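Structure first, commentary second.
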Number of protein chains: 2
Amino acid sequence: MRRIKFSRQREAIKELLAESSHPTADEIYIKVREQFPNVSLGTVYRNLNVLSECGEIQKLTFPEGPDRFDCNVMPHYHFVCRSCGRVFDLHVRGLKLDMEDGTDGAELPGRIEAQALICYGTCNDCLADESQDIGA
Amino acid sequence: MRRIKFSRQREAIKELLAESSHPTADEIYIKVREQFPNVSLGTVYRNLNVLSECGEIQKLTFPEGPDRFDCNVMPHYHFVCRSCGRVFDLHVRGLKLDMEDGTDGAELPGRIEAQALICYGTCNDCLADESQDIGA
DNA sequence: TTTATAAACAGTAATCATTACTGTTATTAT
DNA sequence: ATAATAACAGTAATGATTACTGTTTATAAA
């Protein structure tokens, strides 16, 4: 059982995570370097993994681009804009899994312990831009 | 607009996809080599991308491991066993997104055009193994 | 309040999945 | 048949992430 020691770099990473929205490891790296010019990208990755293993943060994987990290560990889902690439929180009260019933293929393949839902679409900003383009 | 030409390799990839369950590019590569010993991994990737851009197949991204491919393009979701790593189809009739309402943060960030849901847990086989271990 | 320990570090090399490039082959429209 | 070019095999390059190595630093015990 490993004791986790305090580290200034990790504290900085936690603070930066709290004030940014779903940053990538590299985005965090760039910001941490303002406080610790010699910090290495490996340190950022190691600490992000330590924090997500502790359940202090959440790692998010998307089909496009690198993983992102979220300081919000409450169950919630994500919306990715296909146009601008931004990631938004989706405030969903709860997912209702309406399973198919029937004579076969009807049952769950196992015990569900966690869920990740990603919705893809066009964000409101990009929708507004689209309608402007049409008007112009 | 590019015209897609017939290719024997692509046909083989489609057939292999139809008879396997969520294979990775590498797993397909190994199988295609039985028919085309000189096929290259790049060819497999290129064709998988062509097919998923055409909507003939679906690309699946998971937090662990490489992408997987699915010949089932009907909307459906996936279950990943954390114990054995297998991926199962989830036969869900439809997701009910029960959005939070309130004075702010309540609205959708945009227009949802697609959804990907991954559930994580322990599959029935691994659950059975677990209870055997306890019994022994 | 030194000293031992091992976690964490910076820096760098290695890995893995995937894409891009290059010269050749095969499909298809003319 | 021939021309145009999609697709190919083979290989190099890329991007994200992890692993390694020798050093520094936080913490627990002497």
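Numbered from 1 within each chain, the chains take letters A, B, ... in sequence-line order. Quick caveat, the model's predicted, so the values are computed rather than measured.
Annotation: salt bridge (Lys or Arg N to Asp or Glu O under 4.0 Å) contacts involving residues 38-49 of chain B, sequence neighbours excluded, are absent. Pairs passing the ring pair (Phe, Tyr, Trp, His ring centres under 6.0 Å) check and including a residue from residues 9-56 of chain B, sequence neighbours excluded, read B:His22-B:His78. Residue pairs satisfying the salt bridge (Lys or Arg N to Asp or Glu O under 4.0 Å) criterion with at least one member in residues 12-21 of chain B, sequence neighbours excluded, are listed as follows: B:Glu11-B:Lys14, B:Lys14-B:Glu56.
How far OG1 of B:Thr43 is from CG of B:Leu48: 10.5 Å, rounded to the nearest 0.5 Å.
An OP1 or OP2 oxygen of D:dC8 is reached within less than 4.0 angstrom by a side-chain nitrogen or oxygen of B:Gln9.
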Problem - Pairing pattern in dot-bracket form [Watson-Crick, G-U; both distances under 3.5 Å; | = partner strand] for DNA chain C - result: ||||||||||||||||||||||||||||||

Pairs under 3.5 Å (N/O, protein and nucleotides 28-30 of chain C):
unit_1: C:dT28; atom_1: OP1; unit_2: B:Phe6; atom_2: N; d: 3.0

Check nucleotides 12-14 of chain D for protein N or O atoms closer than 3.5 Å to its own N or O atoms and list the pairs.
none

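Looking at which nucleotide of DNA chain D each of B:Arg46 and A:Arg46 is closest to, the 5′-most match is held by B:Arg46.
At least one donor-acceptor pair under 3.5 Å links the side chain of A:Asn124 to the backbone N or O of B:Pro109.
Nearest heavy-atom pair across B:Ile112 and B:Gln115 is CG2-CG, 4.2 Å.
Qualifying side chain to side chain donor-acceptor pair (under 3.5 Å) partners for A:Thr61, counting only residues two or more places apart in sequence or in other chains: A:Asp67. Taking the side chain to side chain donor-acceptor pair (under 3.5 Å) definition, one finds that B:Arg68 meets it with nothing, sequence neighbours left out. The salt bridge (Lys or Arg N to Asp or Glu O under 4.0 Å) search around B:Arg82 returns A:Glu113, not counting sequence neighbours. With sequence neighbours left out, the salt bridge (Lys or Arg N to Asp or Glu O under 4.0 Å) criterion links B:Asp125 to B:Arg86.
Listed by residue number, the members of residues 50-62 of chain B with any heavy atom below 4.0 angstrom from DNA chain D form an empty set. Near-neighbour residues of DNA chain D inside residues 13-45 of chain B, defined by a heavy atom below 4.0 Å, number-ordered: B:Asn38, B:Val39, B:Ser40, B:Thr43.
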